[in-house]
Engineer: 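Just dropping this structure here.
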Amino acid sequence: MHNPLPFQSAVMPEALQLNSPLQFHCHPGISCFNACCKRADITLAPYDVLRLKRRLGLTSTEFIRQFTVPFQMDGDGLPGIKLKTDDNGTCLQLAGDAGCGVYSDRPRCAVIIRWRY
């Protein structure tokens, strides 16, 4: 089988299908624990806002004011919102060594964050 990776790896990537299970669990025992939360750039979908505001016991307006920043999604000025971070880029929901404070309700796009190291 041809190795599609630009480096040698003992693990070969497998193409996932729509019904493929994703087997990942974030926990302190993995080397990347909290890394994605420290470099967060997460665009929120309306569904994410609904889940997070409910989780935090806020109205949509309160959640948007406290935990998001507006941005322009494209060249035509389409508005969007991102999860607010601190001055270092760390997600405000990071609960230190405990990890994500809203993990079970984290934004869906947080699952596919691109690493920027």
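Just so you know, these numbers use all the heavy atoms, side chains as well, and skip hydrogens, waters and symmetry mates.
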Engineer: Would you say N88's side chain and T90's backbone share a donor-acceptor pair under 3.5 angstrom?
Structural biologist: no

Engineer: Restricting to non-hydrogen atoms, name the atom on R65 and the atom on K84 that form the minimum distance, rounded to 0.1 Å.
Structural biologist: O-NZ, 3.6 Å

Engineer: Under the side-chain contact (heavy atoms from CB on, under 4.5 Å) test, which residues partner S31, sequence neighbours left out?
Structural biologist: none

Engineer: Under a 3.5 Å distance rule, please check whether D48 uses its side chain to pair with a backbone N or O of R51 as donor and acceptor.
Structural biologist: no

Engineer: Could you tell me which residues satisfy side chain to side chain donor-acceptor pair (under 3.5 Å) with K82, sequence neighbours excluded, listed by chain and number?
Structural biologist: D41

Engineer: Hey, what else clusters with L78 if you join Ile, Leu, Val, Met, Phe, Trp, Tyr whenever side-chain heavy atoms sit under 4.5 Å?
Structural biologist: F71, M73

Engineer: Using atom types as modelled and distance alone, determine if a side-chain donor or acceptor of Q66 lies under 3.5 Å from a backbone N or O of F63.
Structural biologist: no

Engineer: Would you find a donor on one side and an acceptor on the other, under 3.5 Å apart, between the side chain of Q17 and the backbone of N19?
Structural biologist: no

Engineer: Determine yes or no for a side-chain-to-main-chain donor-acceptor pair under 3.5 angstrom, with D86 supplying the side chain and L92 the backbone.
Structural biologist: no

Engineer: Do V102 and L94 belong together in a cluster built from hydrophobic side chains that touch within less than 4.5 Å?
Structural biologist: no

Engineer: Using a distance-only test with no angle check, is there a side-chain donor-acceptor pair under 3.5 angstrom linking S104 and R55?
Structural biologist: yes

Engineer: Do you know which of T85, L83, T68 makes side chain to side chain contact (heavy atoms under 4.5 Å, CB included) with I42?
Structural biologist: L83

Engineer: Does atom CG of D97 have more than 12 heavy-atom neighbours from other groups under 6.0 Å away?
Structural biologist: no

Engineer: Atom CG of L52 and atom CZ of R106: how far apart are they, to the nearest 0.5 Å?
Structural biologist: 11.0 Å

Engineer: T43 versus I81: any side-chain heavy-atom pair under 4.5 Å?
Structural biologist: no

Engineer: Same cluster or not: F33 versus Y103, using hydrophobic residues (I, L, V, M, F, W, Y) connected whenever any side-chain heavy atoms lie under 4.5 Å apart?
Structural biologist: yes

